[in-house]
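Structure first, commentary second.
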Amino acid sequence: MDNITTQHLANKLLAMADDELILAHRDSEWTGHAPILEEDIAFANIAQDELGHANIWYELRQALTAEEPNQVVYFRDLAGYRNAQIVELPKGDWAFSMLRQYFFDMLEQVRLPTLMNSSYKPLADAATKIRAEEIYHLRHTYTWLKRLGLGTEESNRRLQNALNELWPYAAQMFVPVAGEYSLVAADIVPAPTAVEAAWREQVEPFLTSIDLTIPANWPTQRPARSEHTKHLATLLADLQEVARFDPQANW
Amino acid sequence: MAYEDTKFEVFKQDKEDRPHEAVGTVHAPDEEIALQHARDVFARRPDCHNLWVIAEKDILKRTIQEIDQLIVNDSDAPEQTYLVCVKTGKRRAMTYVKHIGEVTANSHEAALKEALHKFNHKKNVYVWWVFPQTAVTQNDDEDIDILFTPGLQKAYRQPNQYHTVMPMRRIVHEEETA
Amino acid sequence: MTEEQKLQEFEERIARGEKIEPGDWMPERYRKQLIRMISQHAHSEIVGMLPEGAWITKAPNLRRKMILISKVQDEAGHGQYLYHAAESLGAKREDLIQALLDGRAKYASVFNYPSLTWADMGVIGWLVDGAAIKNQTMLARASYGPYSRAMVRICAEEGFHMKQGKEMCIRYAQGTPKQREMLQDAINRWWWPSVMMFGLHDSESTNSAELLKWGIKTKTNDELRQEFVNELVPEIHALGLTVPDKDIYFDEESQNWVYGPIDWDEFWQVVRGNGPCNEERLAARRQAHEDGAWVREAIHAYADKKAQGLVA
């Protein structure tokens, strides 16, 4: 792989890792506060899985850039973060978190099969390894969304509110990183437009089937991944606080 | 409407060639969720090949103290397979009911009566459970990777990942000889 | 058989080391004591998720973050096993939980103290879980089958809890000055609450005699407490740290670390609900419960519809 492609792949892996990290962080906020005891356990599993995936992508990137994952996570300033805005939003109510998780699980569902055939073998191997966990995540969120969409009037209303709020952010998940198209051309990652189309093809009928109305506006103009909401600053201050308290320390 | 979750008994089969054993219960509105909960509650660490969930109301449970009161009524119901599980041994901490075989019967009581007869060679049985095969919900074999392998990979949940014994011994020794 | 004969046979079974299982005859008092003990234990696990859960977002490296999520997850699981054991005696989980939320149920006071720094995570693992393991190892031999089995499962998982905390403490004791200072401060705050986890002195403990007779306890509070102190103090000292007990000394004759007086006033304040975090802990659980009400209604409504064939 030439230097340019390496750089682009490092960018892409950073975005993928940041998505998983920030989502895991939000998911973990439910531990001890979930609506039922068994969900404290179940959602904590999902948070651990996503953190594990973040670590896998950061480590793949380390092989290309020599940057150690903990350094990248704890000592990078907000300006350097490349997660999609959707994962940094506060956890909201259970409907909000389940829908956001579903959006992300479906993203994995539609792109992992292609990633498993990536021409960059370490990426293909990693994708294969995480596939089983992602299948379970999707089952978990399907189970929940059916019950929230078709349960009571209140649960449907809350889920619809969540959908109205999250829909504009969902489109930004597919925004390419710098150089992504060269990775597509090299068969390293799938084309973002194809992933987006596949995602909508799955998501829209499912949401309709659980008595939700798809918002009319699917944004065509999307912020770059370098742009963030005000929520990321607070999140990172929390996440990085102890590590930055003593940067020399081995925790 | 005041609704209550159903209580499900959970059986875990550690390896393919081992019997299913009762490990606890989960509360769930239906068997699909019960199986999901069972996986999250009981299969976080290695050694799980298969899980069963059975609604408690579908199980007839009797200790040997209660067996004398067993009354078998006539029934027109068709015969079906009942799974038989027993606890043997009065003293060890980790044994509870384990799957030992099947009988055919047309009611729970008839199944238990049949089981007492069929398995009367089993020594030291103290608890009997019978339930219809149809009451069991279990995971498919092809789901093993999805359900149980991730737990295997989370090594950080194992005590042997943390080295405290030797380091502490060394530190105490250094302090004592200092 | 008369009630007396039944009671005698019951006590003989226990003396023989037999497990009492759901469905076996048992004195009403045994049932009640166990429901009380087991549900308090379950509540402790649930409330115990809070002081540690608060630090998940601040865990200073990815490994520690995963470990802490996993540990708190286990605690939810332990609560789950224990509510199950209590239910096997005729209690109902919803009722037990409601009693906790209403402030009518007790749980281990140690969780009414705040977790103020990251080092608290190490100390909670090493000291608090270390103390819990002593109790739990003993309870794994309890005469009531479901409780005994729940405890065996919990003990197996608790090993990792204690060791990950101890590993952190060893590392921080040998780490940077800021880490050592943070660790010593955490030990200073958690030492006495951990020592008090073993309960009242034997002379004051009213429940103990009965629990010993019925095979639910096999060692006294003071016996376990002394074991704990004898193990921890030399190791804390070896790390170059101290326990906040100016009176503690090693008695050559008994080979015990003789500890100073326990502040029972503080103990009772905290047990009675006036500890630093009692209100906060219960408020958090109430909030979670209230916030979850519409969710539970939704899954029940869906289950109804499913039972009627209206949904898949």
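Predicted model only: the values in this text are computed from it and were never measured. Just so it is clear: chains get the letters A, B, ... in the order the sequence lines come, proteins before strands, and each one is counted from 1. Atom set for the values below is all heavy atoms of this structure, side chains included, hydrogens, waters and symmetry mates excluded.
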| request: Heavy atoms only, distances under 4.5 angstrom: which of R39(B), K154(B), H27(B), R44(B) has the most pairs with chain A? Name it, please. | output: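 Winner by heavy-atom pair count: R39(B).
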| said: Using ring centroids (six-membered ring only for Trp), state whether H108(B) and Y82(B) fall under 6.0 Å. | reply: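 Yes, close enough.
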| query | Is the distance between the ring centroids of W199(A) and F103(A) less than 6.0 Å? | reply |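 That pair passes the under 6.0 Å test.
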| field | Heavy-atom pairs under 4.5 Å with chain B, option from A44(A), G52(A), A132(A) with the top count | value |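 The answer is A132(A).
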| Distance (rounded to the nearest 0.5 Å) between S107(B) OG and K113(B) NZ |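 Here the interatomic distance stands at 10.0 Å.
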| query | Side chain, backbone, both or neither: which part of I130(A) has an atom under 4.5 Å from a heavy atom of chain B? | reply |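 No part of I130(A) comes within 4.5 Å of chain B.
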| Note: D143(B)-R139(A) ion pair, threshold 4.0 Å (strictly below) |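 Here D143(B) pairs with R139(A) in a salt bridge, since their nearest N and O are under 4.0 Å apart.
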